[in-house]
Amino acid sequence: MPDRDFRDDPSPRIQPGAGPLPDRTDGTDGTDESDAERRRRRARFLRDLAEARELRDRVQPRRAKTARLRHAMRMRTFRW
């Protein structure tokens, strides 16, 4: 629709309630919290990624089979 210059709804990539990171100018170090938060976010991302791969494999079994065969061929031809 070319007559619309803006969107009423926020971007679907932005999660509700996820604002900018808090400012750490209060003098506290916060490295333990940030490392733990980073690990939590990474673990959640990897879980979501694995779930998406499983869904894709279920929805597109032919593509999943060729990907498995291609990976097996790469592993067989890999040289140490």
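These values consider heavy atoms only, across backbone and side chains, with no hydrogens, waters or symmetry-generated copies.
Distance check: Leu55 CG to Gln60 CD gives 9.0 Å after rounding to the nearest 0.5 Å.
Contact annotation: the side chain of Lys65 never approaches that of Arg62 to less than 4.5 Å [non-hydrogen atoms, C-beta and beyond]. Using a 4.5 Å cut-off on side-chain heavy atoms (C-beta onward), His71 and Arg74 make contact.
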Arg42 vs Arg39, test: side-chain contact (heavy atoms from CB on, under 4.5 Å). Steps then yes/no. CA-CA 5 Å; Arg42 183 174 187 273; Arg39 284 193 297 271; 5.6 Å; no
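More than 12 heavy atoms of other residues, nucleotides or ligands lie within 6.0 Å of CE in Met75, so this atom counts as buried by the packing criterion.
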